[in-house]
Amino acid sequence: MIRKIILTKPQTIQKTASFYSEALNEAQMEVVTKADGAALVLAGAGSGKTRTLVYRLLFLLDRGVRPENIMLVTFTNKAAHEMRHRAEKHLNQDIQNLWCGTFHHMGHRILRMYAKEAGLNPQFVIMDQDDSRRVIKQCLSSMKTHSSRVKFPQASVIQKIISLAVNTRKSIESIVLEQYDYFIPFIDELNQINKEYERRKRESDNLDFDDLIVLWIKLLKECESVREKLTNRFIHCLVDEYQDINELQNEVVELTAKKHGNLLVVGDDAQSIYSFRGAQVKNILKFPDRYPHCKIFRLESNYRSSEEIVSLANRSILNNEQQFRKKLVSLAGSHERPLCVRVRETREQAFFVADQLIELMDQGIALSDIAVLFRARYQAADLEWELSRRQIPYVLRGGVRFFEQAHIKDLCGYLRIIQNPKDAISWDRVLGFYPGIGPKTAHKLHQAYMQFILQGKSPKVLCESQWPPSTLKSAGAKLREFQSIMKGLFNLQEQNTDPESFILYLLDSNFKRMMENRYDNAKDRLDDLLELSRFARHYETVGLLLNDISLKENFKGESFDGSESSERPEQLILSTIHQAKGLEWKAVFILGLAEGQFPHHMTANNPEATEEERRLFYVAVTRAKQKLYLMHPLTRYDRQAGTVIMRTSPFIKELPEESYELAEAMTEDQFDLQEEDTIFLT
DNA sequence: GAAAAATGGATTTTT
DNA sequence: TCCATTTTTC
């Protein structure tokens with residue numbers, strides 16, 4: 001027998017020391033070259049955190065670490081793409097086998113590799129949040145044990161509670177006690193619903209988002225062979241946005257990094273804004289306690305924002321108790337003071353922004369270099385209307401996600417039935433399209449079908465006259481079109497056709513007419529579906545396509561081929577602050593800096609929640625490079641109460657007056673009545 | 001008994 | 001504007 005020896009190919013061309021020192025400052029250089037073992041990087045806003053991580057990655061590769069031995073966890077797919085793309089650009093070649101993505105992505109990848117060990121049916125399909133909500137709703141109606149006298153929580157609230165319990169590794173009871181005390185009487189029922197929810201998920205071979213991580217942890221804990229493979233594999237673990245990590249994710253990180261102990265976490269405690277998903281600032285604050293020998297690095301030079309903007313941000317965050325004290329120093333030079341603009345009402349807020357956009361563009365700032373940020377989606381409504389009226393192009397980030405739109409899910413329903421006959425939610429959805437069939441009948445039809453499958457019949461029995469059985473014949477007559485569509489899909493499946501053809505087939509079948517009947521803007525929606533078919537080209541199987549669709553976070557109007565980092569189209573960005581994390585613009589408007597809007601009224605009287613709101617404000621402010629507008633509408637319109645007066649946001653009031661300039665904007669007729677020194681606007 | 005139509009109510013942030 | 005519950009129809 002001849003011994004086989006595997007040679008390691010050199011992965012990259014060796015970079016010289018100057019390659020790093022030219023691109024990085026001293027502090028960043030330290031991180032890149034010395035962050036072995038446990039390391040915490042406290043990276044302030046605009047301090048070149050992404051750049052540092054990319055160079056750390058290059059450095060590791062340079063040192064001969066193989067890409068498959070590195071795990072780089074990011075918060076969004078977009079961030080993952082961005083980093084990979086930048087690293088590949090430096091190397092001038094693709095980095096094969098690097099594990100770079102979100103927690104959910106990696107969980108998915110691992111569960112696919114080890115489906116058998118995890119006790120999963122390999123054809124499992126991932127549900128999104130809306131699917132979870134629907135399943136819970138079904139659980140609710142099937143149990144209907146709750147008394148209708150007191151209002152029982154809605155499906156979406158139950159979903160939130162269950163998910164929060166999973167992500168914080170607490171019981172439902174303690175979540176309810178801590179955050180939903182008005183549901184205390186329902187704790188038993190909630191536990192029951194949770195049980196039923198779990199049962200249904202398992203029965204239909206569906207995994208929800210949280211399962212991707214829960215089962216990954218389970219695999220690491222309970223399956224020794226897999227644990228060995230996975231912990232040996234990841235010699236270096238790098239975690240981005242560590243301040244937003246929750247207990248569940250933390251556990252997966254610790255288990256994975258335990259063996260080699262090379263755990264580099266990067267984050268900014270001042271930017272922790274995801275507590276509603278179970279994230280806790282304390283994770284980053286306590287990191288040095290958990291790893292007593294860890295190295296701590298600080299990146300406190302800000303290359304993004306002007307001195308005035310950084311100063312305002314620093315002043316603001318000083319009001320928070322829970323934090324690592326650090327001071328961000330601006331290296332971007334002096335510009336002008338942020339402008340706090342008072343307007344009479346929310347519509348005038350939109351007028352001001354629109355007017356000012358024109359002004360900024362006259363000054364040579366590109367529309368794509370400007371963003372409007374807000375706390376909650378509805379705050380953008382007036383502005384959207386005004387922008388459309390003036391024909392200013394914009395994209396709204398934070399609306400419905402592209403892949404969560406009803407028509408996309410309608411089409412995927414058919415594909416999911418083919419992929420996984422047990423998928424109860426999809427059956428419910430698809431059969432509901434046909435007149436005369438509602439949830440009850442759909443359920444029975446699905447049950448009847450599963451009976452056939454269990455008897456060993458081929459899935460194609462669906463298209464034959466044996467199905468549905470005679471007890472359901474009256475419903476069966478309404479399903480001719482359904483059966484003919486399914487027949488076509490089964491045929492494609494037998495021919496092993498690519499996913500794109502599946503979609504094109506559906507768009508050519510009577511599915512198209514159904515869409516036209518169902519939606520008044522069917523044309524747009526069918527265009528979206530055509531777009532989906534193009535997206536599907538990148539996938540080999542329908543199963544892989546479906547699971548990626550569930551995990552994609554792209555919004556309507558964004559491209560989703562992964563090439564987004566190159567050049568931005570010439571349009572204004574409207575975004576929630578949460579969605580704006582990690583991004584930057586020359587000019588930024590923040591809407592609704594009024595009491596009740598920002599900080600959000602739900603957080604009043606809760607000091608911890610108010611601190612998180614302040615961190616959110618901090619994130620918003622530090623997105624701006626040169627110009628920052630803090631908008632304060634004095635009134636808002638409420639359906640019941642009519643016009644409501646709003647006071648200045650405490651986040652503005654607590655700032656020293658010299659940190660911003662105050663302006664008042666009004667329309668021409670109002671201006672005539674005033675003589676004070678104000679900004680003139682039409 | 002189940003589906004369709006009509007009415008009433010409410011809205012933070014997201015992988 | 002969209003969603004959930006109630007009322008009406010088959």
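Order of the sequence lines sets the chain letters (A, B, ...), proteins ahead of strands, with each chain counted from 1. Treat the numbers as computed from the prediction; the structure is a model and nothing was measured.
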Practice task
Could you check whether A:Tyr274 and the base of B:dT14 form a stacked pair, meaning centres closer than 5.5 Å and planes differing by less than 30°?
Solution key: no
Fill in the blank from the handout: A:Phe433 CZ to B:dA3 C1', in whole Å, measures 17 Å
Practice task
In whole angstrom, give the distance that lies between atom CD of A:Gln154 and atom C1' of B:dA10.
Solution key: 9 Å
Exercise for the section: Say whether A:Asp269 and A:Tyr242, considering side chains only, have a donor N or O and an acceptor N or O under 3.5 Å apart. Expected result: no
Problem - Proximity to the side chain of A:Thr102 - top-ranked nucleotide from B:dT13, B:dA2, B:dT15 - result: B:dT15
Exercise for the section: Among the candidates B:dT13, C:dA4, B:dA3, find the nucleotide nearest to the side-chain atoms of A:Lys137. Expected result: C:dA4
Exercise for the section: Identify whether the distance between the nearest side-chain nitrogen and carboxylate oxygen of A:Asp410 and A:Arg525 falls below 4.0 Å. Expected result: no
Problem - Phosphate contact (B:dT14 OP1 or OP2) by A:Lys581 side-chain N/O below 4.0 Å - result: no
Fill in the blank from the handout: Listing for DNA chain B: consecutive Watson-Crick or G-U pair runs of at least 3, distance cutoff 3.5 Å, ranges ordered by first number, gives B:1-10 with C:1-10
Handout entry: Proximity to the side chain of A:Arg277 - top-ranked nucleotide from B:dT14, C:dA4, B:dT13
Key = B:dT14
Exercise for the section: State whether the side chain of A:Thr441 and the backbone N or O of A:Ile437 hold a donor-acceptor pair below 3.5 Å, judged by distance alone. Expected result: no
Handout entry: Residues A:Lys170 and A:Glu247 bridged, charged N to O under 4.0 Å
Key = no
Completion exercise
Among the nucleotides B:dT15, B:dT12, B:dA3, whichever has the atom closest to the side chain of A:His104 is B:dT15
Practice task
Write down the distance between CD1 (A:Ile126) and P (B:dT15), rounded to a whole number of angstrom.
Solution key: 14 Å
Problem - Side-chain donor or acceptor of A:Asn206 paired with backbone N/O of A:Val125 under 3.5 Å - result: yes
Problem - A:Glu386/A:Arg347 salt bridge by N-O under 4.0 Å criterion - result: no
Problem - Contact under 4.0 Å: A:Gln379 side-chain N or O vs B:dT13 OP1/OP2 - result: no
Handout entry: Length of the CG-C1' vector between A:Asp244 and B:dT15, whole Å
Key = 11 Å
Practice task
Scan A:Thr603 against the nucleic acid and name what it touches under 4.0 Å (heavy atoms): base, sugar-phosphate only, or nothing.
Solution key: nothing
For residues 271-281 of chain A, tabulate all N or O donor-acceptor pairs below 3.5 Å that involve a side-chain atom, not counting sequence neighbours.
| unit_1 | atom_1 | unit_2 | atom_2 | d |
| --- | --- | --- | --- | --- |
| A:Gln271 | OE1 | A:Arg623 | NH2 | 3.4 |
| A:Gln271 | NE2 | A:Asp268 | OD2 | 2.9 |
| A:Ser272 | OG | A:Gln243 | O | 3.2 |
| A:Tyr274 | OH | A:His578 | O | 3.4 |
| A:Ser275 | OG | A:Glu612 | OE1 | 3.0 |
| A:Ser275 | OG | A:Glu612 | OE2 | 3.1 |
| A:Gln280 | OE1 | A:Lys282 | NZ | 3.0 |

Problem - Euclidean distance, atom CG of residue A:Leu164 to atom C1' of B:dT15 [Å, nearest integer] - result: 14 Å
Fill in the blank from the handout: A:Gln129 atom CD is separated from B:dT12 atom C1', nearest whole Å, by 12 Å
Handout entry: Which nucleotide in B:dA4, B:dT15, B:dT13 has an atom nearest any side-chain atom of A:Ala376
Key = B:dT13
Exercise for the section: Report yes if at least one side-chain N or O of A:Thr576 is closer than 4.0 Å to OP1 or OP2 of B:dT14; otherwise report no. Expected result: yes
Problem - Of the listed nucleotides B:dA2, C:dA4, B:dT13, the one nearest the side chain of A:His578 - result: B:dT13
Handout entry: Sugar-phosphate, base or nothing in reach of A:Tyr378, heavy atoms under 4.0 Å
Key = nothing
Practice task
For A:His600 and for A:Ala442, find the nucleotide of DNA chain B with the closest heavy atom, then tell me which residue's nucleotide is more 5'.
Solution key: A:Ala442
Handout entry: Nearest-Å distance for atom pair CG/P, residues A:Leu431 and B:dA2
Key = 16 Å
Practice task
Please determine if A:Arg112 forms a cation-pi arrangement with A:Phe124, meaning its NZ or CZ atom is less than 6.0 Å from the six-membered ring centre and no more than 45° off the ring axis.
Solution key: yes
Problem - Distance in angstrom units between A:Phe403 CZ and B:dT15 C1', rounded - result: 15 Å
Exercise for the section: Hey, which sits more toward the 5' end of DNA chain B by its nearest nucleotide, A:Phe75 or A:His601? Expected result: A:His601
Problem - Short side-chain N/O contact to B:dT14 OP1/OP2 from A:Arg377, under 4.0 Å - result: yes
